[in-house]
Protein chains: 2
Amino acid sequence: MTIENDAGSSLSELFAADPLSVALAELIQEMRPGDKLPSERDLAVRLDVSRTALRDRLGMLEGLGVLRRRTGAGTFVETLRPDALAFALNLAISSSHLPLASLESVRIALERQAAAEAARRADPVLIAYMKRAIDTMAATELSADVLDADRAFHQSLLRAAGNPSLTFFAEALSNVLTKDLADRSERLLHEPLTTSRQALLVDHHTRIYDAILAGDPDAAMRAVDGHFDAIGNS
Amino acid sequence: MTIENDAGSSLSELFAADPLSVALAELIQEMRPGDKLPSERDLAVRLDVSRTALRDRLGMLEGLGVLRRRTGAGTFVETLRPDALAFALNLAISSSHLPLASLESVRIALERQAAAEAARRADPVLIAYMKRAIDTMAATELSADVLDADRAFHQSLLRAAGNPSLTFFAEALSNVLTKDLADRSERLLHEPLTTSRQALLVDHHTRIYDAILAGDPDAAMRAVDGHFDAIGNS
DNA sequence: TTCACTCAATTGGTAGTACCACTTTCCAAA
DNA sequence: TTTGGAAAGTGGTACTACCAATTGAGTGAA
């Protein structure tokens, strides 16, 4: 009866979590996103714990973004939500004083990798979205539009990479850095949109785009680095 | 009285979390790691909720690795623990079917960035640890020792980068990939340690080391890529 | 005085009950 | 057939009681 610990042992061995958490984790591992868990009352009986203790762990798993509890409906297995991770990271940055700059470099690392993988895939349809963002960026005369186009570009870049983990972490980081980015954007919005600066941005993004279109991962990575070096100093 | 929402508003605006979670998050943000929270009974009264509801959220925050509850002692603010994130990621990978390969590429991206930053810092003391790992790798005749030295090398590389966020994410990913790595290691342990393979590994690591020692970020990144390309095909 | 021990207060952990609000289902009435 | 609402089920909260671990102050002896 205690033989099916293929998936469970790795969790219980790696993390010295309490048995109840591990039991729940193993249960969830056997389910798929969207599946409905047994009701709290049933599950409490089945696991031989009180509903109070069970809810404590369910709260934890919901905090981790693994579960979603819907009042009146039930508890469901969730797909990993980047915003849940972002919530944790936000708290951690405040309480643990993780420097924003160090997070920025993680973001750069992910974007660089995304560019490389996008170049390897070279999916014409997905790459077209990047091109559209660049065109928008070049056509407008408003700082706000440039910022929007910039966001759209980086988003389409991640999509073009087609790497779910990369997308997940990058989105989580984006959420974390949103406040910082908002401050920076605010500053840029109050600056006049100089033609030279706009041309510079368009040029940088075009280089990334060209490298990906050409299927050159190394050139794509260099282009991303050049981009972030430039806006880092602006 | 409602003016001090500099840190709080970002949380409540970004995440549509319930008020209680946000209130707790704001409280935690004003504290430092190691600080002790009020007792559950006091906090429940202060926030005007039941201890039941409060414990539900505390469970969530503990799951996120932000808090640590110690029976009989109290609840304390924690520094961000990579293993907590790894726990969540493990569950997420199982339930959301995030491909291991996509996670590997995130790991590569982080390691590449670490190499670049280590080269920029060029801290002789920290770099020396990398050299030691390489020497160990070259001197031994056991597969197990090579694997240990390999781990030591990548660990000292992250340390040499001196980027806390990079280290945090890389460690979390290492924990997640531990099972997969264990399988791979197992396979390697049963293979004979060919001199050519060992020389290849030593050569790859030496290239990374040399580039960092020379303070050349680009070369360091290329060396990391070369390394992972090679072991990816082995 | 100093050290070691005991014990009571405090704290987190669990159990159980009751009730509320919301959702879903299904059956009966139009 | 359609529609309305009742009923059952679910998560959310509150409250009480008790357990186990920790802490610290007080007490005792050396």
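Per chain, numbering begins at 1; letters A, B, ... match sequence-line order.
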Quiz item: Counting heavy atoms not belonging to Y129(A), are there more than 12 under 6.0 Å from its OH?
Solution: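 Counting neighbours around OH of Y129(A), 12 or fewer heavy atoms of other residues, nucleotides or ligands fall under 6.0 Å, so no.
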
Once you round it to whole Å, what is the distance between [atom2] of [N] and [atom1] of [X]?
{"X": "D48(A)", "N": "dG16(C)", "atom1": "CG", "atom2": "C1'", "value": "14 Å"}
{"X": "L20(B)", "N": "dG11(D)", "atom1": "CG", "atom2": "P", "value": "19 Å"}
{"X": "M60(A)", "N": "dT14(C)", "atom1": "CE", "atom2": "P", "value": "12 Å"}
{"X": "L54(A)", "N": "dT10(D)", "atom1": "CG", "atom2": "P", "value": "13 Å"}
{"X": "K36(B)", "N": "dG24(D)", "atom1": "NZ", "atom2": "P", "value": "10 Å"}
{"X": "D42(A)", "N": "dG11(D)", "atom1": "CG", "atom2": "C1'", "value": "13 Å"}
{"X": "L58(B)", "N": "dG13(C)", "atom1": "CG", "atom2": "P", "value": "9 Å"}
{"X": "D56(A)", "N": "dT13(D)", "atom1": "CG", "atom2": "P", "value": "13 Å"}

#### Entry: Base of dG12(D) paired with side chain of R51(A) (donor-acceptor, under 3.5 Å)
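Under the 3.5 Å cut-off, the side chain and the base do form a donor-acceptor pair.
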
_For a quick check, tell me whether the side chain of R41(B) and the base of dG12(C) share a donor-acceptor pair closer than 3.5 Å._
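Indeed, a donor on one side and an acceptor on the other fall under 3.5 Å apart.
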
field: Residue mapping more 5' on DNA chain C - nearest nucleotide basis, A53(A) or A73(B)
entry: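 On the 5' side of the pair lies A73(B).
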
Cationic N near anionic O, under 4.0 Å, [X] to [Y]:
{"X": "E40(A)", "Y": "R55(A)", "answer": "yes"}
{"X": "R51(B)", "Y": "D42(B)", "answer": "no"}
{"X": "D135(A)", "Y": "R132(A)", "answer": "no"}
{"X": "R159(A)", "Y": "D123(A)", "answer": "no"}

OP1 or OP2 of [N] sitting under 4.0 Å from any side-chain N/O of [X]?
{"X": "R68(A)", "N": "dG11(D)", "value": "no"}
{"X": "T71(B)", "N": "dT22(D)", "value": "no"}
{"X": "S50(B)", "N": "dA14(D)", "value": "yes"}

From the set dG13(C), dG11(D), dT23(D), return the single nucleotide nearest to any side-chain atom of R70(B).
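In terms of side-chain proximity for R70(B), the closest of dG13(C), dG11(D), dT23(D) is dT23(D).
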
Exercise for the section: Could you check whether T52(B) gets within reach of a base, just the sugar-phosphate, or nothing at all, counting any heavy atom under 4.0 Å? Expected result: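 Base contact - T52(B) has a heavy atom under 4.0 Å of at least one base atom.
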
